[in-house]
Asker: 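Questions regarding the structure given below will be posed in turn.
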Amino acid sequence: MMSILARLHAGYFRISLALCSQALLWKIVGESPDDAHALRRMFRMLPSTAFVLLWSLALFSLASLSLLYILRCLYLFERVKAEFLHHVGVNYLFVPWISWLLLLQSSPFITPKTMYYLVLWWVFVVPVVFLDVKIYGQWFTKGKRFLSAVANPTSQLSVIGNLVGAQAAAEMGWRESAVCMFSLGMAHYLVLFVTLYQRLSGGNSLPTMLRPVFFMFFAAPSVASLAWDSISGSFDYPAKMLFFLSLFLFLSLVSRPSLFKKSMRKFNVAWWAYSFPLTVLALASVDYAQEVKGFLAHGIMLVLLSLSVLVSLSLMVFTALNTNMLFLENDPSVKP
């Protein structure tokens, strides 16, 4: 057990993040409105049992990883502290809370208007805000940890944490809280996006095995479009602009396969970083197709849905076939 705790790090929550976002995706597509396109209404035929099983799998993986990480905090606190001080590892401390928020939104048992939802939202959002205060404060006040020195694609996870929190707040009708978290996330996203585009020293220090996290470039605007849709009540022009930005960034990345070639030579848990961005992009395409109701929009939705599911299923198979490589002694990904 101690050997597993020693090798575990917050980057393993990529697995639960991918599964929780998939659960939310299948909840959304399975609840198509009556005025939806015929292609969208086809998803109603999916058995509800399959969604419950997927949600249960996501819950099991997240609860298991959370328990292991709590034990790591208790017995190996110095290693957790090292993660917090690491320019990549610290960003993955947002991932468990993002995963829990996604799982809460996709829950088949808890609705947004209940007290249980409200209490759990607070439980999962408070750590995100705490990490915001610590990390965003360091970006502009603390010596060597200013943004241009530590910025890398995983830094966008901090933004995503705020945006997912805003979306969950909007779902239960807390518009002011949702706007607050959305504005906090977007303000820092704009600064971060420009910093990363300038390719300063922080981005160059990313290990080769972590190249899949470049997909976070289109994950952040995708989640932002979903959050704004929940806040405004419609997939209006701001949401569409964010969706188009994420789609452009997605096409820019997939047209450069050589960027990911070295990271794909040997299986690593970092591969799970592909799933979540594709899933939230697919979720945004579902809302866009529902708003536009055109053939092209639904074609884009179908392609992205298929790609998201195919990638997630492939990762499950690869992980099952390579369980001996899950907890490596010298993990090249996010090891402070």
Asker: Give the C-alpha distance, both sets of side-chain angles, the deciding distance and a yes or no for ring pair (Phe, Tyr, Trp, His ring centres under 6.0 Å) between Trp100 and Phe124.
Answerer: CA-CA 7 Å; Trp100 281 113; Phe124 303 146; 5.5 Å; yes
Asker: With the side chain counted from C-beta on, respond yes when Trp55 and Leu19 share a heavy-atom pair under 4.5 Å apart, and no when they do not.
Answerer: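 The answer is no; the side chains never approach within 4.5 Å.
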Asker: Phe260 vs Phe215, test: ring pair (Phe, Tyr, Trp, His ring centres under 6.0 Å). Steps then yes/no.
Answerer: CA-CA 10 Å; Phe260 308 98; Phe215 270 42; 5.5 Å; yes
Asker: Kindly assign one of parallel, tilted or perpendicular to the pair Phe267 and Trp271, based on the angle between their ring planes and the thresholds 30° and 60°.
Answerer: perpendicular
Asker: Ignoring hydrogens and angles, tell me if any N or O in the side chain of Ser312 forms a donor-acceptor pair with the backbone of Val309 under 3.5 Å.
Answerer: no
Asker: Would you verify whether the NZ or CZ of Lys81 falls within 45 degrees of the ring axis of Phe84 while also being under 6.0 Å from that six-membered ring's centre?
Answerer: no
Asker: Just by distance, no angles: are the side chains of Ser61 and Ser16 close enough, under 3.5 Å, to form a donor-acceptor pair?
Answerer: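 Checked: Ser61/Ser16 side chains show no N/O donor-acceptor pair below 3.5 Å.
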Asker: Establish, from distance only, whether the side-chain atoms of Ser308 and Gln22 form a donor-acceptor pair under 3.5 Å.
Answerer: yes
Asker: State whether the side chain of Lys293 and the backbone N or O of Gln290 hold a donor-acceptor pair below 3.5 Å, judged by distance alone.
Answerer: yes
Asker: Just wondering, do Phe276 and Val223 contact through their side chains at under 4.5 Å, heavy atoms?
Answerer: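 Yes; the side chains approach each other to less than 4.5 Å.
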Asker: Could you check whether any side-chain N or O of Lys27 sits under 3.5 Å from a backbone N or O of Gln105, counting only pairs where one atom can act as donor and the other as acceptor?
Answerer: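 A pair under 3.5 Å: yes.
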Asker: Just wondering, do Tyr189 and Val194 contact through their side chains at under 4.5 Å, heavy atoms?
Answerer: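 Result no, sub-4.5 Å side-chain heavy-atom pair not found.
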Asker: Within a strict 4.5 Å, meaning less than it, do heavy atoms of the Cys180 and Leu184 side chains meet?
Answerer: no
Asker: Is the backbone of His9 close enough, under 3.5 Å, to the side chain of Arg72 for a donor and an acceptor to pair up by distance?
Answerer: no
Asker: Quick one: pull up CG in Asn91 and CZ in Phe94 and give me the separation to the nearest 0.5 Å.
Answerer: 7.0 Å
Asker: Please answer whether the main-chain N or O of Pro153 pairs with a side-chain N or O of Gln156 as donor and acceptor at a distance below 3.5 Å.
Answerer: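 Pair found, side chain donor or acceptor close to backbone of Pro153.
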Asker: Please check if the side chain of Thr114 supplies one atom and the backbone of Ile110 the other of a donor-acceptor pair under 3.5 Å.
Answerer: no
Asker: If we only count heavy atoms from C-beta on, is the Met181 to Gln167 side-chain gap below 4.5 Å?
Answerer: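 Counting from C-beta outward, Met181 and Gln167 never come under 4.5 Å.
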Asker: Would you compute the distance between atom CG of Leu310 and atom CG of Leu278 and round it to the nearest 0.5 angstrom?
Answerer: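 It comes to 10.0 Å.
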Asker: Looking only at atom types and distance, does a side-chain atom of Arg211 sit under 3.5 Å from a main-chain N or O of Leu259, one as donor and one as acceptor?
Answerer: yes
Asker: Using distance alone, with no hydrogens and no angle criterion, decide if Tyr136 and Ser158 have a side-chain donor and acceptor under 3.5 Å apart.
Answerer: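 Yes - a donor-acceptor pair under 3.5 Å links their side chains.
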Asker: Let me confirm one number: the CG-CZ distance from Leu247 to Phe250, rounded to the nearest 0.5 Å.
Answerer: 7.5 Å
Asker: Less than 4.5 Å apart, any side-chain heavy atom of Leu65 and any of Leu8?
Answerer: yes
Asker: Assess whether a salt bridge exists between Lys113 and Glu171, defined as any Lys/Arg side-chain N lying under 4.0 Å from an Asp/Glu carboxylate O.
Answerer: no
Asker: Return yes if some donor-acceptor pair links the side-chain N/O of Tyr92 with the main-chain N/O of Arg14 below 3.5 Å, else return no.
Answerer: no
Asker: Using 0.5 Å steps for rounding, measure from the CG atom of Leu315 to the CD1 atom of Ile15.
Answerer: 9.0 Å
Asker: Does Pro277 reach the side chain of Phe217, with side-chain heavy atoms less than 4.5 Å apart?
Answerer: no
Asker: Just one of Leu305, Leu226, Leu304, Val29 clears the side chain to side chain contact (heavy atoms under 4.5 Å, CB included) bar with Leu283, so which one?
Answerer: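 Exactly one pass, corresponding to Leu226.
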Asker: Please report the interatomic distance OG(Ser246) to CE(Met241), rounded to the nearest 0.5 Å.
Answerer: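 Answer for the OG-CE pair, Ser246 versus Met241, is 12.5 Å.
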Asker: For the side chain of Asn152 and the backbone of His87, is there at least one donor-acceptor N/O pair under 3.5 Å apart?
Answerer: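 Looks like yes, one N/O pair under 3.5 Å.
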Asker: Do other residues, nucleotides or ligands put more than 12 heavy atoms under 6.0 Å from the CZ atom of Phe244?
Answerer: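 Counting neighbours around CZ of Phe244, more than 12 heavy atoms of other residues, nucleotides or ligands fall under 6.0 Å, so yes.
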Asker: Looking at Leu242, Asp229, Val286, which one forms a side chain to side chain contact (heavy atoms under 4.5 Å, CB included) with Phe235?
Answerer: Asp229
Asker: Decide yes or no for Phe318 and Leu313: does some side-chain heavy atom of the first lie under 4.5 Å from some side-chain heavy atom of the second?
Answerer: no
Asker: Answer yes or no: is there a donor N or O on one side and an acceptor on the other, between the side chain of Trp121 and the main chain of Ala168, under 3.5 Å?
Answerer: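 No, the answer is negative, given that no donor and acceptor are paired below the 3.5 Å cut-off.
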